[in-house]
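Notes follow the structure.
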Amino acid sequence: WLGYSLFSHMRIKNTENLVRTMSNYRVKWMENCALRHDRGEDVVAIGQLMRSVTFFASTTIIVIAVLAPLFRYADTAHSLFGEVAFLYISPSPVWELKTIVLEMLFIYTFFKCTWSLRQYNYALVMILATPPYDKINKDARKSIARNAEILSNASRHFSLGIRGFYFGLITLSWFLHPILFIILNILVIWIIYRREFLSKAFGIVSS
């Protein structure tokens, strides 16, 4: 997971991709916003984005609470699934380690989502604090770039939070068998890579 994150971060800087393309659209959005005296529609749009982030942040809290009882279910899992040939139920200490990893992953996801939410709040204040311009000038360019950058950063952290959900879900397979866990990791990393760099959505927004 860490390796793909580093790879993706470097590739985003050096090649065309969905993240960079959407960042360019945010610059255009902020250019249009700077020319509007009434920014009500921009406030509504950011509000919609914040609602999506809030939903995932709230869901993460529920997931963390639901996972807590997993610490004491190792013996129960052995009794229920111990006779199934293709399952590998870990002994209690390893089971607890897996549970800790899963909990930490969703805690990380919670922090990413809430940090994204705070940055959308900052972006909202910055956009409303930007004075209206009759034309795009040098000072306006600085505000436009700054506002677009905080929006893109908020989106980036939200994307990392969503990625945490992907990896968190496949970590559940680790409780059943490590080989299954490895296979699903490879599959999910390929899906994420394809969405960021090779997807039909990328082709549409970049055309």
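Since the structure is predicted, the reported quantities are computational estimates derived from the model, not experimental observations.
With 3.5 Å as the limit, one finds no donor-acceptor pair spanning the side chains of T130 and R146. Judged by distance alone, the side chains of W29 and N147 never bring a donor and an acceptor atom under 3.5 Å apart.
Between F56 and F158, the gap from one ring centroid to the other is short of 6.0 Å. F106 has its ring centre less than 6.0 Å from the ring centre of F165.
V44 belongs to no hydrophobic cluster with other residues, because no ILVMFWY side-chain heavy atom falls under 4.5 Å from its own, directly or through intermediates.
Among all heavy-atom pairs drawn from A57 and T114, the shortest one is CB-CG2, 4.2 Å. When every heavy atom of L102 is checked against every heavy atom of G168, the shortest pair comes out as CD1-O, 3.3 Å. Nearest heavy-atom pair, C33 versus I127, reported as atom, atom and distance to 0.1 Å: SG-CG2, 3.4 Å. A154 approaches S116 most closely through the heavy-atom pair O-OG, 2.7 Å. The two residues S155 and R26 come nearest to each other via the heavy atoms OG-NH2, 2.9 Å.
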Report task. List the steps, then state whether side-chain contact (heavy atoms from CB on, under 4.5 Å) holds for E149 with N153. Result -> CA-CA 6 Å; E149 187 173 358; N153 205 47; 5.6 Å; no
Requested in this report: Could you walk me through whether Y193 and V188 pass side-chain contact (heavy atoms from CB on, under 4.5 Å), step by step?
Outcome: CA-CA 8 Å; Y193 174 80; V188 167; over 6 Å; no
Query raised in the report: Do E41 and R36 pass the salt bridge (Lys or Arg N to Asp or Glu O under 4.0 Å) test, and can you show the C-alpha distance, the side-chain angles, and the key distance before you say yes or no?
Result: CA-CA 10 Å; E41 59 190 74; R36 284 193 291 268; 3.8 Å; yes
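Considering L169, I189, I170, T171 as possible partners of L184, the one that fulfils the side chain to side chain contact (heavy atoms under 4.5 Å, CB included) test is I170. Each of V66, L67, T60 was evaluated against V63; a single residue qualifies, L67, per the side chain to side chain contact (heavy atoms under 4.5 Å, CB included) test.
Distance CZ/R118 to CD1/I150: 11.0 Å, rounded to 0.5 Å. From Y122, atom OH reaches atom CG of L117 across 10.0 Å, with rounding to the nearest 0.5 Å. Here Y25 contributes atom OH and S152 contributes atom OG; the two are 13.5 Å apart, rounded to the nearest 0.5 Å.
Residues T99 and F175 form a side-chain contact, since some pair of their non-hydrogen atoms from C-beta on lies under 4.5 Å apart. For the pair K112/I162, no side-chain contact is recorded, criterion being any heavy-atom separation below 4.5 Å from C-beta on.
Residue pairs satisfying the side chain to side chain donor-acceptor pair (under 3.5 Å) criterion with at least one member in residues 196-207, sequence neighbours excluded, are listed as follows: Y4-E196, S8-E196, R163-E196.
One hydrophobic cluster, built from ILVMFWY side chains closer than 4.5 Å, cannot hold both L18 and Y166; they sit in different ones.
The environment of CZ in R20 is crowded: more than 12 heavy-atom neighbours from other residues, nucleotides or ligands sit within 6.0 Å.
Between the side chain of N17 and the backbone N or O of T15 there is at least one donor-acceptor pair closer than 3.5 Å.
Cation-pi check for R11 over F197 is met; the charged atom lies under 6.0 angstrom from the ring centroid and within 45 degrees of its normal.
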